[in-house]
There are 2 protein chains.
Amino acid sequence: MLSKKTKYGLKALTFLGNQKDRNPIAIAEIANHENISQKFLESILLTLRRTGYLGSKKGKGGGYYLIKDPSEIPMTTVMRVLEGPIAMVSCVSLNFYEKCEDCPDEQSCSVHKLMLKVRDSALDVYRNTTLADLLN
Amino acid sequence: MLSKKTKYGLKALTFLGNQKDRNPIAIAEIANHENISQKFLESILLTLRRTGYLGSKKGKGGGYYLIKDPSEIPMTTVMRVLEGPIAMVSCVSLNFYEKCEDCPDEQSCSVHKLMLKVRDSALDVYRNTTLADLLN
DNA sequence: TTATTAATCTACTAAAACTATAGGGTGAAT
DNA sequence: ATTCACCCTATAGTTTTAGTAGATTAATAA
């Protein structure tokens, strides 16, 4: 299951991407429009800012805005930042590889074989989809 | 992340599929060979039996054995039984569809769009992989 | 200039849900 | 009598999803 964190993060990015200009938009407005718990969204937007997708402005009239062009925001990194590793098992993870403790031989492991395929297919989707593809 | 339930279930199915004959194999032996908590594996094998993949025999010399040919066990149903819906969001699930409460319009929802692609690609893998493909 | 207001930032806490596992008893097959 | 699957329950641990309280920053009104 996709975590709400990822779901909310994607919706927020989309909402910001759909704006005409890039003026700051308050958390409250995004949360309201997308039916998201404001405090939860706050922490999500913070991590998206730290990743380099969003800029923020404090004080009155402040809020969040897209820093990059939507076509330069690939789902690969968005998913990694919000949801974590794309691989369902660490032994097939590109960025977070770890050997399975219980598994003596990766090559002959059925879980490894299957999850490798699944990872490749998911990666294919994420690599070929940017935020721009999800906008209206 | 793939749950250990699914991981263990797959390993058990593979272990049984790799046997020469179809004699019953005790839970303890499978658990031992695959480094699995025996009690946990017990409940997993039970659900696999109820799904119709495994048969069991009680008493001395008892255990579990494959009922179907490995080529007739598609990963689609194995994953659904062990891991749950293949879709990461219920609004793109074939077998467990549910409308998102927060989302007013599915067609314009970015999460929906993305997860539809991911589901299709995962489904493609699972549908084209049977237990036979994972054996040695 | 000063006070007020509106917003992000930070950290801590808490409730709820889910995961993984353990324990003990029952009953069937040998 | 023994060996196994079967079934039910409980529980520790982890993750998710928030909520609370306050600090910080910036714009604006007095």
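We name chains A, B, ... by the order of the sequence lines, and we start the count at 1 in each one.
Using modelled atom types, one side-chain atom of R119(B) and one backbone atom of V92(B) make a donor-acceptor pair closer than 3.5 Å.
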Using distance only, find each side-chain donor-acceptor pair of residues 129-136 of chain B under 3.5 Å and give its atom names and separation, not counting sequence neighbours.
{"residue": "T129(B)", "atom": "OG1", "partner": "K117(A)", "partner atom": "NZ", "Å": "3.4"}
{"residue": "T129(B)", "atom": "OG1", "partner": "V125(B)", "partner atom": "O", "Å": "2.7"}
{"residue": "T130(B)", "atom": "OG1", "partner": "A132(B)", "partner atom": "N", "Å": "3.2"}
{"residue": "D133(B)", "atom": "OD2", "partner": "T130(B)", "partner atom": "N", "Å": "2.8"}

Under 3.5 Å, which donor-acceptor pairs link side chains of residues 73-81 of chain B to any protein atom two or more places apart or in another chain?
{"residue": "T76(B)", "atom": "OG1", "partner": "Y126(B)", "partner atom": "O", "Å": "3.3"}
{"residue": "T77(B)", "atom": "OG1", "partner": "Y53(B)", "partner atom": "OH", "Å": "2.3"}
{"residue": "T77(B)", "atom": "OG1", "partner": "P74(B)", "partner atom": "O", "Å": "3.3"}

Identify every side-chain donor-acceptor pair in residues 22-37 of chain B under 3.5 Å, counting partners at least two apart or on other chains, and give the distances.
{"residue": "N23(B)", "atom": "ND2", "partner": "D21(B)", "partner atom": "OD2", "Å": "3.2"}
{"residue": "N35(B)", "atom": "ND2", "partner": "D102(A)", "partner atom": "O", "Å": "3.0"}
{"residue": "S37(B)", "atom": "OG", "partner": "F40(B)", "partner atom": "N", "Å": "3.3"}

Nucleotide-resolved protein contact map, nucleotides 4-14 of chain C, B/S/- at heavy-atom distance under 4.0 Å | --BSSBB----
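Residues that satisfy the side-chain contact (heavy atoms from CB on, under 4.5 Å) test with K20(A), not counting sequence neighbours, are absent from this structure. The salt bridge (charged side-chain N to carboxylate O under 4.0 Å, His left out) search around E42(A) returns K39(A), not counting sequence neighbours.
Within the structure, side-chain hydrogen bond (donor to acceptor under 3.5 Å, both in side chains) pairs that include any residue of residues 58-75 of chain B comprise D69(B)-S71(B) (at least two apart or interchain). Listed by first then second residue, pairs satisfying salt bridge (charged side-chain N to carboxylate O under 4.0 Å, His left out) with a partner in residues 103-114 of chain B number zero, not counting sequence neighbours.
What separates CD1 of I44(B) from P of dA20(C) is a distance of 9 Å, to the nearest Å.
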Detail all sub-3.5 Å separations between protein N/O atoms and N/O atoms belonging to nucleotides 13-17 of chain D.
{"residue": "dT17(D)", "atom": "OP1", "partner": "K4(A)", "partner atom": "N", "Å": "3.1"}
{"residue": "dT17(D)", "atom": "OP2", "partner": "K4(A)", "partner atom": "N", "Å": "3.2"}

